[in-house]
Protein chains: 2
Amino acid sequence: MKKATIKDIAKAAGVSIATVSYILNDVKTQSISDETRVKVMKAAQQLKYVANRTAQSLKIKKTGLIGILLFQEQEGHYWSDFKYAKTVGKIEQICGQLGYHVIFMQVRSQLSDYKMIMERNLDGVFLINADQEQFGTISNYFGFGIPVFVIDSYIDDSLFHKIIPDFAQSFRACEAALGGRPEFLVTDAYNNEKLAGFIREQSGLEDERICVYDNPEQLNDFLSRFEGKPGIVINEFLALEVLKKTARIAAVCTCHCPQVLPGTVGRITFDLNDYQEIVHKMDRYIQDADYVDPEKFYYLSGTP
Amino acid sequence: MKKATIKDIAKAAGVSIATVSYILNDVKTQSISDETRVKVMKAAQQLKYVANRTAQSLKIKKTGLIGILLFQEQEGHYWSDFKYAKTVGKIEQICGQLGYHVIFMQVRSQLSDYKMIMERNLDGVFLINADQEQFGTISNYFGFGIPVFVIDSYIDDSLFHKIIPDFAQSFRACEAALGGRPEFLVTDAYNNEKLAGFIREQSGLEDERICVYDNPEQLNDFLSRFEGKPGIVINEFLALEVLKKTARIAAVCTCHCPQVLPGTVGRITFDLNDYQEIVHKMDRYIQDADYVDPEKFYYLSGTP
DNA sequence: TTGTATGCGTTATCAG
DNA sequence: CTGATAACGCATACAA
């Protein structure tokens with residue numbers, strides 16, 4: 001049993017291919033008699049016709065495909081796969097509502113990975129946790145006018161829309177939750193060095209008071225210098241580790257999952273629905289080829 | 001700056017499009033003079049040519065696209081998005097190594113969702129946590145000869161390859177870890193009723209001793225009947241909840257993330273590398289149209 | 001060793 | 001209102 005094409009429908013309904021296409025696509029500029037319309041629709045149903053998006057894409061030069069490229073950290077922790085799970089899920093959901101399909105890819109800095117964007121003629125791309133270095137070398141593969149949004153990545157290119165959590169505001173919320181100035185900061189690692197620097201800077205803490213998590217021993221060493229003092233942790237899973245040593249912390253829940261933490265610690269969360277606006281924005285770029293967004297920077301604002 | 005086609009390369013190199021195609025695809029049955037080969041390769045590089053997989057797909061009738069359809073539970077818990085994050089990540093990784101790209105889709109039982117498989121001409125599909133009901137009604141959209149593997153789903157159709165954790169073995173391991181027979185079982189909900197029944201059955205416990213988690217109150221009520229008794233929990237995140245009440249548990253870590261649990265509880269884990277064999281099997285189906293696998297049932301075997 | 005021509009399934013332009 | 005027909009970018013049988 002082979003897949004039916006519009007040609008098959010045309011034959012079955014005794015009309016031309018063009019007519020079938022008009023009817024299936026509900027082309028407004030063409031007027032079709034009700035008679036042929038039902039005839040064709042019936043045939044389509046009978047033959048269980050489904051459109052061939054591959055052929056369609058080739059013709060109309062739009063694939064309806066959106067890429068989510070998730071940059072993997074070289075040596076990730078156990079929560080690496082959870083870190084952006086909710087983000088990816090949410091973006092996929094919204095894309096789906098808008099009629100797009102999503103190609104999900106984890107990139108391990110292979111050049112071949114990026115080629116996918118061009119090869120598959122994606123309509124838009126989300127890059128998550130992208131590193132400047134590996135990125136810069138291949139950015140000449142982009143620039144073909146498709147919208148690129150970068151999440152948790154500080155890329156030196158004004159073409160891209162940047163989306164990062166509002167750390168400044170989150171830190172203020174943490175301070176409120178702690179009831180005083182934090183004495184230390186423990187943060188999860190990010191591929192993007194500039195983002196990492198930004199976090200450190202926003203915290204307002206000196207470097208000796210900041211720990212970028214690498215392994216349990218290192219964390220323990222660090223924490224032993226702050227017994228009983230209040231501190232901030234970026235990433236709730238990391239906070240889970242920190243809690244083994246000290247309880248006076250507030251956590252910035254960058255993984256959108258405060259539930260893993262006990263209610264006794266201050267938890268700053270971000271609203272996943274913020275992605276609604278972002279994906280819709282991308283949609284607008286896709287629909288309207290020469291739309292330009294005055295706002296290229298999106299902050300996810302945290303709430304306690 | 002438009003994308004270059006093989007036609008552009010042909011023109012630039014002064015050869016025919018066929019020749020270009022032969023060279024780019026490294027077609028063995030054609031012998032090409034070194035001279036034209038370098039000429040063409042150079043032109044391709046200069047024009048920054050990337051293949052158009054859409055056109056390719058249309059021609060060769062293979063898209064190189066594999067679908068991962070993740071069935072969402074109607075009312076999920078906070079860990080729903082993590083439940084299959086590692087599985088999806090692993091499958092994508094292996095697919096990537098084999099040269100496939102992955103379309104990731106969460107399905108909320110819309111008929112339109114399944115159509116994607118046909119519309120996009122996927123080469124293969126993984127269905128995760130699929131419910132029999134919603135599934136049966138639309139399975140006639142399948143059967144076009146593409147391999148379908150179902151994960152954590154017990155579908156009444158011998159066409160599909162089924163992959164589920166080896167619960168029987170896991171339960172035995174739990175018993176060993178607990179040092180005695182468990183008195184109760186708390187399990188996460190699954191879309192697939194038959195799988196849920198299978199789990200209950202394999203536990204060998206009476207229904208009164210089994211709790212399918214719905215909400216914290218219900219869990220507390222249940223657990224209060226088993227103060228100080230040993231039990232088993234399916235799903236490590238759920239185990240985190242159970243631990244708030246009782247400590248004598250062993251957990252079957254179906255989310256591949258034992259790390260969220262303290263080392264003091266027995267943890268049964270599964271090896272993500274098992275998916276290697278599975279994805280390679282799918283690849284074989286795709287490559288060799290009439291390959292049949294004698295083994296249609298794959299168990300992921302748990303290890304303490 | 002290279003080129004010509006056809007078609008994959010669709011959309012869209014132009015005649016009828 | 002409907003129908004030929006030319007692309008879209010590529011792979012390949014067949015000719016040269």
Side-chain angles (χ1 to χ4, degrees), chain A residues 2-41 43-44 47-65 115-116 118-123 144, chain B residues 2-41 43-44 47-65 115-116 118-123 144:
Chain A
K2 284 216 15 109
K3 250 181 275 195
T5 69
I6 53 174
K7 199 172 173 182
D8 299 322
I9 300 179
K11 201 178 300 173
V15 298
S16 82
I17 298 183
T19 307
V20 176
S21 177
Y22 294 143
I23 294 172
L24 292 175
N25 291 10
D26 203 31
V27 176
K28 300 299 183 195
T29 60
Q30 296 281 329
S31 32
I32 306 281
S33 74
D34 280 354
E35 188 192 6
T36 53
R37 188 180 293 275
V38 296
K39 206 165 50 179
V40 166
M41 287 306 240
L47 296 175
K48 286 185 183 165
Y49 172 79
V50 285
N52 183 333
R53 303 261 282 183
T54 308
Q56 235 168 263
S57 302
L58 180 60
K59 183 63 192 173
I60 68 178
K61 294 177 174 311
K62 283 236 161 74
T63 54
L65 246 27
K115 270 206 325 202
M116 185 273 284
M118 298 277 89
E119 287 186 349
R120 293 283 181 192
N121 300 105
L122 304 187
D123 285 347
F144 284 89
Chain B
K2 285 221 10 113
K3 250 181 276 196
T5 69
I6 53 173
K7 199 173 174 180
D8 298 323
I9 299 180
K11 201 179 298 172
V15 298
S16 79
I17 26 181
T19 308
V20 176
S21 177
Y22 293 143
I23 294 172
L24 291 176
N25 292 11
D26 203 31
V27 175
K28 299 299 183 193
T29 59
Q30 297 280 327
S31 33
I32 306 280
S33 75
D34 281 354
E35 188 192 5
T36 52
R37 188 180 295 276
V38 297
K39 207 165 50 179
V40 166
M41 288 305 240
L47 297 174
K48 286 185 185 168
Y49 172 79
V50 285
N52 183 333
R53 302 261 282 181
T54 308
Q56 248 173 320
S57 302
L58 180 60
K59 181 67 193 170
I60 67 178
K61 295 178 175 309
K62 282 236 161 73
T63 54
L65 247 26
K115 271 207 324 204
M116 185 273 283
M118 296 278 90
E119 286 186 349
R120 294 282 182 195
N121 302 297
L122 303 187
D123 286 346
F144 283 90

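Predicted model, so just to flag it, every value in this text is computed and none were measured. Below, chains carry the letters A, B, ... as their sequence lines are ordered, and counting in each starts from 1.
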Here the distance between atom C1' of D:dC1 and atom NZ of A:K39, to the nearest Å, is 12 Å

Evaluation steps, side chain to side chain donor-acceptor pair (under 3.5 Å), between B:N121 and A:K3
CA-CA 10 Å; B:N121 302 297; A:K3 250 181 275 195; 2.7 Å; yes

Which salt bridge (Lys or Arg N to Asp or Glu O under 4.0 Å) pairs, counting each pair once, include a residue from residues 8-27 of chain B, with sequence neighbours left out?
B:D26-B:K28, B:D26-B:R37

So what does B:T36 hit on the nucleic acid, given a heavy-atom distance under 4.0 Å: a base, only sugar-phosphate, or nothing?
sugar-phosphate

B:T54 versus A:T54: any side-chain heavy-atom pair under 4.5 Å?
yes

Rounded off to whole Å, could you give me the CZ-to-P distance for the B:R53 and D:dC10 pair?
12 Å

D:dA11 P sits how many Å from B:K62 NZ, rounded?
14 Å

Give the C-alpha distance, both sets of side-chain angles, the deciding distance and a yes or no for side-chain contact (heavy atoms from CB on, under 4.5 Å) between A:L65 and B:R120.
CA-CA 10 Å; A:L65 246 27; B:R120 294 282 182 195; 3.4 Å; yes

Under the side chain to side chain contact (heavy atoms under 4.5 Å, CB included) rule, collect the residues that match up with A:T19, sequence neighbours excluded.
A:V15, A:S16, A:I23, A:I32

Each nucleotide in nucleotides 8-13 of chain C should get exactly one letter: B, S or -. Can you fill that in based on protein heavy atoms under 4.0 Å?
BBBBBB

Rounded to the nearest 0.5 Å, how far apart are CG of B:N52 and CE of A:M118?
10.5 Å

To the nearest angstrom, how far is A:K11 atom NZ from D:dT2 atom P?
20 Å

Students often get this wrong, so: under 4.0 angstrom with heavy atoms, is B:S31 touching a base, only sugar-phosphate, or nothing?
base

Rounded distance in Å - CD1 (B:I23) to C1' (D:dA11)
14 Å

